[in-house]
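Accompanying notes for the structure given below.
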Amino acid sequence: MNPTQDPARLSPAEFQRLLATLLGGRRRIEFIANPGNAGDALINAGAWQVFERLGLASRVVRPDPARRGDAVLYPGGGNLIPRYDNARRAIEARMAAPFDVFVLLPHTIRGHEDLLQRLDARFHVFCRDLETYAHVRRHAPAARAYLADDLALLLDPDWLLSPQRRLARFAQLLSRPSRARAYGHWRWRLRPIRPVDGTLQILRVDVESAGHAGADPRLDLSACYGSYFDAPGEAELVAGDFLRVLQAADRVVTDRLHVGIGASLLDKEVVLLDNDYGKNRALYELSMRTRFPRTRFAEHRPAAAASPLSVAHG
């Protein structure tokens with residue numbers, strides 16, 4: 001296929017069938033932990049929900065030297081761009097290992113052309129926007145490239161918010177005291193993040209910020225937690241809390257991609273702004289524009305959200 005051609009995006013059912021084919025016969029599936037924020041918890045929770053649907057969860061192991069017959073799985077996200085190197089280092093560390101298949105779950109990819117050129121036919125790269133797909137096709141001709149939705153878009157909120165499931169996951173997390181303490185701190189940091197007059201404005205304050213006015217670090221939901229999400233149940237608990245914060249709003253204005261995705265899954269009115277390199281727009285155009293009629297993309301923050309939101313205390 002010509003790299004400039006628009007390929008067909010895999011439907012969620014097609015993606016899961018292909019993943020089952022790639023991983024189904026493998027003895028073990030090494031799932032590499034990827035450091036991320038609370039938005040990445042939605043991606044990781046989406047991955048684990050897919051593993052459960054496909055009956056693969058029992059074969060997923062934490063990082064361990066890959067052997068012949070194994071599959072290696074790297075989480076989805078936006079880690080393979082020039083300003084980050086976690087995904088690159090993880091791939092390079094395993095390049096010479098005797099695994100059978102390496103699956104990079106739906107990702108945004110920019111740059112790293114030299115690394116892409118080294119990927120062989122064992123590598124299956126799922127791209128979550130058209131620019132990524134064209135980039136991978138152009139610079140990784142030996143790898144297999146596919147177009148698929150961000151894994152957070154495969155989440156079932158009811159599954160994630162089930163009280164019985166959350167209780168079981170919390171019991172699991174208690175086996176890791178350091179992560180349980182971090183989780184308690186996360187819950188405390190969520191207290192000020194409340195809608196004002198029905199609107200919740202969450203704007204990023206990190207290196208990917210496009211400089212939208214009114215950003216308040218106390219209200220940057222995604223930045224309130226960071227982890228490798230390698231503790232059992234951790235991603236699901238954080239992702240569930242993430243959705244609960246968004247549930248309280250009628251309208252969400254954000255440049256945080258997974259705040260926009262989470263609010264869209266909850267059928268909120270969403271205004272999605274871009275980050276500094278076009279990631280949000282690209283994913284919105286591919287996966288959100290037609291699926292979520294109450295979600296729209298905007299170049300600038302709406303005037304109604306122009307005044308800073310107050311922070312509740314107590």
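All values reported here derive from a predicted model rather than from experimental measurement.
Follow the hydrophobic side-chain contacts under 4.5 Å out from Y228 and you never reach I32; the two are in separate clusters. Following chains of ILVMFWY side-chain contacts shorter than 4.5 Å, one can reach I193 starting from L272, so the two form part of one hydrophobic cluster. Linking Ile, Leu, Val, Met, Phe, Trp and Tyr residues whenever their side-chain heavy atoms come within less than 4.5 Å places L54 and V103 in a single cluster. Side-chain heavy atoms closer than 4.5 Å link hydrophobic residues (I, L, V, M, F, W, Y) into clusters, and following such links, even through other members, never connects V205 to W186.
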(message) Could you go through R83 and D276, starting from their C-alpha distance and side-chain angles, then the distance that decides it, and tell me whether this counts as salt bridge (charged side-chain N to carboxylate O under 4.0 Å, His left out)?
(response) CA-CA 12 Å; R83 61 166 56 109; D276 71 333; 2.8 Å; yes
(request) Report the C-alpha distance between N37 and R256 in whole Å, list the side-chain angles of each, state the deciding distance to 0.1 Å, and finish with yes or no for side-chain contact (heavy atoms from CB on, under 4.5 Å). (result) CA-CA 11 Å; N37 58 38; R256 282 287 189 182; 3.4 Å; yes
(message) side-chain contact (heavy atoms from CB on, under 4.5 Å) for L151 and L42? Distances and angles first, verdict last.
(response) CA-CA 8 Å; L151 283 183; L42 264 70; over 6 Å; no
(message) Please determine whether side-chain contact (heavy atoms from CB on, under 4.5 Å) holds for the pair D220 and D206, giving the CA-CA distance in whole Å, both sets of side-chain angles, and the decisive distance to 0.1 Å.
(response) CA-CA 10 Å; D220 188 357; D206 64 358; 5.6 Å; no
(request) Evaluate side-chain contact (heavy atoms from CB on, under 4.5 Å) for E236 paired with L160, printing each intermediate quantity in order. (result) CA-CA 7 Å; E236 287 184 33; L160 194 60; 4.1 Å; yes
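From E14, atom CD reaches atom CZ of R17 across 5.5 Å, with rounding to the nearest 0.5 Å. Between the CG atom of L105 and the CD1 atom of I43 there is a distance of 9.5 Å, given to the nearest 0.5 Å. In this structure, CD1 in I261 is found 12.0 Å from CG in L266, a value given to the nearest 0.5 Å. With rounding to the nearest 0.5 Å, the separation of CZ in R144 from CZ in R137 is 11.0 Å. Between atom CD of residue E30 and atom CZ of residue F99 there is a gap of 9.5 Å, rounded to the nearest 0.5 Å. With rounding to the nearest 0.5 angstrom, the OG atom of S178 is 8.5 Å from the CG atom of L173.
Not counting sequence neighbours, the partners of R53 by the side chain to side chain contact (heavy atoms under 4.5 Å, CB included) test are Q16, Q49, V50, L154, D156. For D250, there are no salt bridge (charged side-chain N to carboxylate O under 4.0 Å, His left out) partners two or more places apart in sequence or in a different chain. For the ring pair (Phe, Tyr, Trp, His ring centres under 6.0 Å) test, no residue two or more places apart in sequence or in another chain qualifies with F292. Residues satisfying the side chain to side chain donor-acceptor pair (under 3.5 Å) criterion with D114, sequence neighbours excluded, are R88. Qualifying side chain to side chain donor-acceptor pair (under 3.5 Å) partners for R189, counting only residues two or more places apart in sequence or in other chains: none. Under the rule for a side chain to side chain contact (heavy atoms under 4.5 Å, CB included), the partners of S162 that lie at least two apart in sequence or sit in another chain are Q164, R165. R291 pairs by the side chain to side chain contact (heavy atoms under 4.5 Å, CB included) definition with L153, L265, not counting sequence neighbours. Every residue meeting the ring pair (Phe, Tyr, Trp, His ring centres under 6.0 Å) condition with H135, not counting sequence neighbours, appears here in chain and number order: H139. Under the rule for a side chain to side chain contact (heavy atoms under 4.5 Å, CB included), the partners of D274 that lie at least two apart in sequence or sit in another chain are N280, R281, F297. Applying the ring pair (Phe, Tyr, Trp, His ring centres under 6.0 Å) rule to F126 yields the partners F15, Y146; only residues at least two apart in sequence or on another chain are considered.
A salt bridge (Lys or Arg N to Asp or Glu O under 4.0 Å) check over residues 264-273, counting only residues at least two apart or in different chains, returns the pairs R251-E269.
Heavy-atom minimum distance, R59 versus G24: NH1-O, 2.9 Å. Taking each heavy atom of A8 and L147 in turn, the nearest pair found is O-CB, 4.1 Å. Of all heavy-atom pairs spanning P82 and G111, the tightest one is CG-CA, 4.2 Å. Nearest heavy-atom pair across V136 and A145 is CG1-CB, 3.9 Å.
Under a 3.5 Å cut-off, the side chain of D255 and the backbone N or O of R204 do form a donor-acceptor pair. The closest donor-acceptor contact from the side chain of H258 to the backbone of A38 lies at 3.5 Å or more, if one exists at all. Listed for the R166 side chain is a donor-acceptor partner under 3.5 Å among the backbone atoms of L237. A distance-only check finds no donor-acceptor pair linking the side chain of D241 to the backbone of V238 [under 3.5 Å]. Side-chain atoms of Y74 do not come within 3.5 Å of backbone N or O of I91 as any donor-acceptor pair. Judged purely by atom type and a 3.5 angstrom limit, R128 has no side-chain atom pairing as donor or acceptor with the backbone of L286. Side-chain atoms of H107 never come within 3.5 Å of backbone atoms of C127 as a donor-acceptor pair (strictly under, hydrogens ignored). Under a 3.5 Å cut-off, the side chain of T254 and the backbone N or O of I202 do form a donor-acceptor pair.
M95 places a side-chain heavy atom less than 4.5 Å from the side chain of F123. No side-chain heavy atom of F229 sits less than 4.5 Å from a side-chain heavy atom of F31. At least one side-chain heavy atom of L115 sits under 4.5 Å from a side-chain heavy atom of L80. Within the 4.5 Å cutoff, the side chain of R296 has heavy atoms near those of the V271 side chain. Between I109 and L104, the closest side-chain pair of non-hydrogen atoms falls below 4.5 Å. Under the 4.5 Å side-chain criterion, counting only non-hydrogen atoms from C-beta, L257 is not in contact with N275. The closest side-chain heavy-atom distance from H124 to L18 is not below 4.5 Å. Looking only at side-chain heavy atoms (C-beta outward), N79 and D40 stay at 4.5 Å or farther from each other.
Residues Q247 and R244 bring no donor and acceptor atom of their side chains to less than 3.5 Å of each other. Using a 3.5 Å distance cut-off with no hydrogens or angles, the side chains of S287 and D149 do pair a donor with an acceptor. Between the side chains of T132 and R110, at least one donor N or O sits under 3.5 Å from an acceptor N or O. For the residue pair Y183 / R187, a side-chain donor-acceptor distance below 3.5 Å is found, with atom types taken as modelled.
A salt bridge links R28 with D70; the closest basic N to acidic carboxylate O contact falls under 4.0 Å. Contact check on D230 versus R179 returns no salt bridge, with no Lys/Arg side-chain nitrogen under 4.0 Å from an Asp/Glu carboxylate oxygen. Salt bridge annotation for E234-R176: absent, with no cationic side-chain nitrogen under 4.0 angstrom from a carboxylate oxygen.
Between Y225 and F242, the gap from one ring centroid to the other reaches at least 6.0 Å.
Within the hydrophobic cluster formed by Ile, Leu, Val, Met, Phe, Trp and Tyr side chains joined at under 4.5 Å, directly or through other members, V207 is accompanied by I81, Y84, Y277.
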